[in-house]
Amino acid sequence: MAAETVLVTGATGFVGHALVPLLQRSNLRVLAASRSDSKPIPAGATRVRLSAVHTDDVIRDRLTGVSSVVHLAARVHVLKDTASDPVSAYREANVDATLALARAARERGVQRFVFVSSVKVFGEQGHFRETDRPLPVDPYGQSKLEAELRLRQFGDTSGMDVVIVRPPLVYGPGVKANFAALMRLVARGVPLPLGAVKNRRSYLAVDNLADAIRAILMHATPINDTFTITDGVDLSTAELVGQLAAAMGRRVVLIPVPPAMLLAAATMIGRRAWASRLLGSLSFESGRAHRVLGWTPPISITTGLQRAVDGDLLASPAP
């Protein structure tokens, strides 16, 4: 099945800005759904106002003529959640709104619904196969898994293709949060106490994620499946820092401090959750996309990190 018109929610976000132009280059018409008109959409796409507060009739109207939906919009994971009821907030955004969109899509004859979930459905640490039982440990991961399960049930009963994509940490030009902060530290040449960190973590270039979604949309036969998508290469945090430094053309100093000592220090200053992600292992097998779709990452992790660095340098103000 080759989609003709694709509606992309969250099109103004980090992944959307990589995905929409790629779909356009694949000769697909893209409706870029956003909650407001304040953020720019990728050039050439058609803006569609769409949010969880819209009525079912409005949502159905936005889906007229659409053959596939890519649902990127979500309440994302945050380390310090200020919501009074985080569980309800995640469920409302990531479960209820997702199912409402899927139901409206089916009523409008949409053939394929691609839901971008997260590897957080597996938990926070360990090495996971795609067939492992998900065991999320926080409200974000729980909401993503609940959405997956309800979507899968809906797809089975409605006949609409439901494809679930589980990415790990996604990086690339314009990446924010901890990954961006780490790049800034490397760029400044700050000595980092990470030389003894031997963990393994999976990553995913935003260009690779976009290409995997494109492959799903362009797949010629019905497909109801779940894919964990990664770059295919796991790195320790020390190796990641080394590759970032190489991409910047800088020298990095890694001090070999025992990870247990780093974790204890981070706990004392209230940063244990952040340190656990930096020091712990979280890696995934991701061969199903190749077996089912014939898909492999089009760019290497080295190229992806170089693009992230170049994008960060372009976005930074001149000294």
Side-chain angles (χ1 to χ4, degrees), residues 13-16 18-19 22 70 72 74 76-77 114-137 140-141 144-145 148 163-180 182-183 197-217 219 223 225-244 247 276-309 311:
F14 172 55
V15 177
L19 175 63
L22 178 62
V70 179
L72 301 175
V76 299
H77 180 266
V114 182
F115 176 60
V116 178
S117 182
S118 169
V119 295
K120 295 292 184 180
V121 300
F122 288 112
E124 290 293 338
Q125 294 204 15
H127 176 75
F128 298 94
R129 299 167 298 178
E130 291 181 281
T131 55
D132 285 341
R133 179 187 177 190
L135 290 170
V137 298
Y140 172 74
K144 284 293 192 177
L145 179 59
E148 287 187 14
V163 185
I164 295 165
V165 177
R166 294 169 173 168
L169 189 153
V170 180
Y171 66 92
V175 66
K176 306 293 184 183
N178 291 336
F179 200 96
L182 184 62
M183 288 200 299
V197 179
K198 307 298 181 183
N199 60 345
R200 308 306 297 171
R201 297 191 73 88
S202 296
Y203 299 93
L204 179 61
V206 69
D207 296 305
N208 286 338
L209 174 55
D211 191 73
I213 295 171
R214 178 204 59 78
I216 290 167
L217 291 173
H219 194 66
I223 176 174
D225 217 326
T226 300
F227 302 103
T228 300
I229 305 293
T230 76
D231 284 338
V233 176
D234 298 335
L235 300 177
S236 69
T237 302
E239 290 170 335
L240 174 64
V241 168
Q243 289 218 24
L244 288 171
S276 294
R277 287 168 173 80
L278 192 68
L279 305 174
S281 292
L282 188 61
S283 60
F284 305 89
E285 295 179 7
S286 57
R288 188 163 183 79
H290 179 70
R291 295 192 299 272
V292 175
L293 304 171
W295 181 84
T296 55
I299 67 170
S300 68
I301 193 168
T302 301
T303 299
L305 292 173
Q306 185 68 62
R307 291 186 183 183
V309 165

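We use all heavy atoms of the structure for the numbers below, so side chains are in, but hydrogens, waters and symmetry mates are not.
Here the straight-line distance linking atom CD1 of Ile301 with atom CG of Leu240 works out to 7.0 Å at 0.5 Å rounding. With rounding to the nearest 0.5 Å, the separation of OG1 in Thr302 from CZ in Arg307 is 12.0 Å. Taken to the nearest 0.5 Å, the CG atom of Leu145 stands 7.5 Å off from the OG atom of Ser117. Residue Leu19 holds its CG atom at 5.0 Å from CD1 of Ile213, rounded to the nearest 0.5 Å. Expressed to the nearest 0.5 Å, how far NE2 of His219 lies from CD1 of Ile216 amounts to 9.5 Å. Going from atom OG of Ser118 over to atom CG of Leu169 covers 9.5 Å, rounded to the nearest 0.5 Å.
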Determine, step by step, whether Leu209 and Val165 satisfy the side chain to side chain contact (heavy atoms under 4.5 Å, CB included) criterion, reporting the C-alpha distance in whole Å, the side-chain angles of both residues, the deciding distance to 0.1 Å, and the verdict.
-> CA-CA 9 Å; Leu209 174 55; Val165 177; 3.9 Å; yes
Chi angles and distances behind the side chain to side chain contact (heavy atoms under 4.5 Å, CB included) call for Val70, Phe115 | CA-CA 6 Å; Val70 179; Phe115 176 60; over 6 Å; no
Before giving the answer on side chain to side chain contact (heavy atoms under 4.5 Å, CB included), spell out for Ser281 and Gln125 the whole-Å C-alpha distance, their side-chain angles and the decisive distance to 0.1 Å.
-> CA-CA 5 Å; Ser281 292; Gln125 294 204 15; 5.8 Å; no
Kindly indicate, with the supporting measurements, whether the criterion side chain to side chain contact (heavy atoms under 4.5 Å, CB included) is fulfilled by Thr226 and Arg166.
-> CA-CA 8 Å; Thr226 300; Arg166 294 169 173 168; 3.7 Å; yes
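Side-chain atoms of Glu285 do not come within 3.5 Å of backbone N or O of Glu130 as any donor-acceptor pair. Between the side chain of Asn208 and the backbone N or O of Pro297, no donor-acceptor pair lies under 3.5 Å. Between the side chain of Gln306 and the backbone N or O of Ala247 there is at least one donor-acceptor pair closer than 3.5 Å. When atom types are taken as modelled, the side chain of Arg200 and the backbone of Asp234 share a donor-acceptor pair closer than 3.5 angstrom. A donor-acceptor pair under 3.5 Å is formed between the side chain of Arg201 and the backbone N or O of Arg277.
Relative orientation of the Tyr203 and Phe179 rings is perpendicular, given thresholds of 30° and 60° on the angle between their planes. Note: Phe284 and Phe128 have parallel aromatic rings, judged against thresholds of 30 and 60 degrees for the angle between ring planes.
Under the 4.5 Å side-chain criterion, counting only non-hydrogen atoms from C-beta, Arg288 is not in contact with Leu293. With a 4.5 Å cut-off on side-chain heavy atoms, Val121 and Tyr140 do not count as touching. Contact annotation: the side chain of Pro167 approaches that of Leu204 to within less than 4.5 Å [non-hydrogen atoms, C-beta and beyond]. Side-chain contact between Phe14 and Val206 is present, with heavy atoms from C-beta onward closer than 4.5 Å.
Among all heavy-atom pairs drawn from Gly304 and Ala205, the shortest one is CA-CB, 4.2 Å. The nearest pair of heavy atoms linking Val163 to Ile223 is CG2-O, 3.4 Å. Nearest approach of Pro134 to Pro136, heavy atoms of both residues: C-CD, 3.7 Å. A pairwise comparison of heavy atoms in Val119 and Pro168 identifies CG2-CA, 3.5 Å as the closest pair. Considering every non-hydrogen atom in both Pro173 and Gly311, the closest pair reads CB-CA, 4.1 Å. For the residue pair Asn199 and Thr237, the shortest heavy atom distance occurs at OD1-N, 2.9 Å.
Applying the 6.0 Å contact sphere to NE2 of His127 captures more than 12 heavy atoms from other residues, nucleotides or ligands.
A salt bridge is absent between Lys144 and Glu148: the closest approach of a Lys/Arg side-chain nitrogen to an acidic carboxylate oxygen does not fall below 4.0 angstrom.
A donor-acceptor pair shorter than 3.5 Å cannot be found between the side chains of Asp231 and Ser202.
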